[in-house]
Amino acid sequence: MPASSVHKDATFSQKLIQWYHRHHRDLPWRQTTDPYKIWLSEIILQQTRVVQGMPYYLRFVEKYPTVQDLARADEQDVLRLWQGLGYYSRARNMHYTARQVVGEFGGKFPDSYSGLLKLKGVGEYTAAAIASFAFNEAVPAVDGNVYRVLARIFGIKTDIMHSSAKREFTAAAQRLIPADDPATFNQAMIEFGAIQCQPVAPDCLLCPFNESCYAFENGMQSFLPVKSKKAKARNRYLNYLVLEKGGLIAMKERIKKDVWKGLYDFPIIETLQEAQAPEDLAGEGGLESLMMAGRLIVPDKTYVHLLSHQKLHVKFWQIKVEDMGTNVLPDGVSFYNEDQIDALPKPILIDTFIKEQFFS
DNA sequence: GAACCGTGGAC
DNA sequence: TGTCCAAGGTT
């Protein structure tokens, strides 16, 4: 590498870290080098805004102060504490990893990027983040913020959705990272992307790099980074059979490979189109006999619930049961009282419906 | 490589 | 209102 490049890269990291010291937010996971807490914060913050993840981080640290505490917990309680954050496999993987760290590693997290990368739920970004923040390893932590900063300042036009992008952007960051303080550099890149080099309408007049930024000089802020479109969400039509008997409600854990795995909802009939009458649900899984177990209340509204890849159109068919008689609940379905239901992890949609309908 | 996996906020 | 996005990872 020519000497001029070395000089230029050092200048970049120095200016960036200068900016960081002046502008960074005071966030709780930056007050520690405990790999457990850093890991916890990184898992929570995956695809999640700081304002949304913050209360969850504080609750998790409060309830599970150490990895041993988390390992001892039931997965269901971990999912319940995670309720509302989404991408629930993060919580299940986190719990699995806590048990592995305690059971196989004597309660100590791997102290290197390559070791951390082996953990379930820890990919290249998260491994680099923990390795640098907790152990000062000089590996670049390249997240969405870093893609944006690098693409704009250096004019990198590779589609960040393309498979080659990760290698290219990681190499670019690796060239910039200072050996003497990789942790602050990584924090600074991420923080700079989050609060100065924002996705939409960044205020470039305040930016310390506005005299050398490719995007600013060429008016390309809104076009960089290049990101190809995502596929449109598919429509799904869900019909829940909500059996209520003497203040108890029948619920079931979602165990299939599908959305909300590990969470609880009701017996469900999925249809290809929106069901308008009880007859539309016949022959769709053998649950229709449940609708005869009591007095049926036909839903008067459809909930539309958006997921990242699905648009759910959901109807709740309530069945007021006096006596199940010869009707039996399907496998895995049980009646729960209010306190039990409160303790179960549930999708936000289900939690909202229950609160509206029963326990408001 | 592309699809999948949640939720809430900003525009 | 619909779209995009947010400290990604797994299959």
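Naming: A, B, ... by sequence-line order, numbering from 1 per chain.
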So which of residues 21-31 of chain A are in contact with DNA chain C, with a heavy-atom cut-off of under 4.0 Å? Arg25(A), Leu27(A), Trp29(A), Arg30(A)

DNA chain C contacts among residues 141-151 of chain A, heavy-atom distance under 4.0 Å: Asp143(A), Gly144(A), Asn145(A), Arg148(A)

If I take atom [atom1] in residue [X] and atom [atom2] in nucleotide [N], what distance separates them, rounded to the nearest angstrom?
X         : N      : atom1 : atom2 : value
Arg234(A) : dC4(B) : CZ    : P     : 6 Å
Lys346(A) : dG6(B) : NZ    : C1'   : 16 Å
Leu312(A) : dG6(B) : CG    : C1'   : 10 Å
Leu85(A)  : dC5(B) : CG    : P     : 18 Å
Tyr87(A)  : dC4(B) : OH    : C1'   : 8 Å
Asp258(A) : dA3(B) : CG    : P     : 17 Å
Arg254(A) : dC4(B) : CZ    : C1'   : 14 Å
Gln46(A)  : dC4(B) : CD    : C1'   : 15 Å

Below 4.0 angstrom, N of the basic side chain to O of the carboxylate: do [X] and [Y] qualify?
X         : Y         : result
Lys315(A) : Glu274(A) : yes
Glu75(A)  : Arg92(A)  : no
Arg175(A) : Glu168(A) : no
Asp159(A) : Lys227(A) : no

Have a look at [X] and say if it touches a base, only the backbone sugar-phosphate, or nothing, with a 4.0 Å heavy-atom cut-off.
X         : answer
Thr126(A) : sugar-phosphate
Lys257(A) : sugar-phosphate
Ser89(A)  : nothing

Are [X] and [Y] close enough that a side-chain donor and a side-chain acceptor fall under 3.5 Å?
X         : Y         : answer
Gln196(A) : Asp203(A) : no
Tyr214(A) : Lys157(A) : yes
Asn337(A) : Asp339(A) : no

Which residue lies more 5' along DNA chain C, comparing Lys232(A) with His309(A) via nearest heavy atoms: Lys232(A)

Taking for Ile190(A) and for Lys311(A) the nucleotide of DNA chain C with the nearest heavy atom, the one nearer the 5' end belongs to Lys311(A)

In a table with atom names and distances, give each donor-acceptor pair under 3.5 Å that connects a side chain of residues 322-333 of chain A to protein atoms at least two apart or in another chain.
{"from": "Asp323(A)", "atom 1": "OD1", "to": "Gly325(A)", "atom 2": "N", "distance (Å)": "2.9"}
{"from": "Asn327(A)", "atom 1": "ND2", "to": "Met324(A)", "atom 2": "O", "distance (Å)": "3.1"}

Could you give the distance separating [M] and [N] at their [atom1] atoms, to the nearest angstrom?
N      : M      : atom1 : result
dA7(C) : dC4(B) : P     : 24 Å
dA3(B) : dC4(C) : P     : 15 Å
dG9(C) : dG8(B) : P     : 23 Å

Residue whose nearest DNA chain B nucleotide is more 5′ - Val259(A) or Ala231(A): Ala231(A)

Assert: residue with more 5' nearest nucleotide on DNA chain B, out of Arg236(A) and Ser164(A), is Ser164(A)

Within residues 50-71 of chain A or reaching into it, pairs that qualify as salt bridge (charged side-chain N to carboxylate O under 4.0 Å, His left out) - sequence neighbours excluded: Asp69(A)-Arg72(A)

Contacts of Ser308(A) that satisfy side-chain contact (heavy atoms from CB on, under 4.5 Å) - sequence neighbours left out: Tyr87(A)

Residue list, side-chain contact (heavy atoms from CB on, under 4.5 Å) with His24(A), at least two apart or on another chain: Tyr20(A), Arg30(A), Glu191(A)

Please list, one pair per line, the donor and acceptor atoms closer than 3.5 Å that link side chains of residues 106-120 of chain A to other protein atoms, with sequence neighbours excluded.
{"from": "Ser112(A)", "atom 1": "OG", "to": "Ser114(A)", "atom 2": "OG", "distance (Å)": "3.4"}
{"from": "Ser112(A)", "atom 1": "OG", "to": "Gly115(A)", "atom 2": "N", "distance (Å)": "3.1"}

Footprint ends on DNA chain C, 5' to 3', for atoms under 4.0 angstrom from a heavy atom of chain A, come out as dC4(C) to dT11(C)

Pairs under 3.5 angstrom, nitrogen or oxygen only, protein versus nucleotides 8-11 of chain B, please.
{"from": "dG8(B)", "atom 1": "N2", "to": "Arg49(A)", "atom 2": "NH1", "distance (Å)": "2.4"}

Anything under 3.5 Å between a donor and an acceptor, one on a side chain of residues 48-57 of chain A, the other on a protein residue two or more places apart or in another chain? List them.
{"from": "Thr48(A)", "atom 1": "OG1", "to": "Ile44(A)", "atom 2": "O", "distance (Å)": "3.3"}
{"from": "Thr48(A)", "atom 1": "OG1", "to": "Gln46(A)", "atom 2": "O", "distance (Å)": "2.8"}
{"from": "Thr48(A)", "atom 1": "OG1", "to": "Arg90(A)", "atom 2": "NH1", "distance (Å)": "3.1"}
{"from": "Tyr56(A)", "atom 1": "OH", "to": "Gln83(A)", "atom 2": "O", "distance (Å)": "2.7"}

Would you please name every residue forming a ring pair (Phe, Tyr, Trp, His ring centres under 6.0 Å) with His162(A), sequence neighbours left out? none

With sequence neighbours excluded, residues passing ring pair (Phe, Tyr, Trp, His ring centres under 6.0 Å) with Phe185(A): none

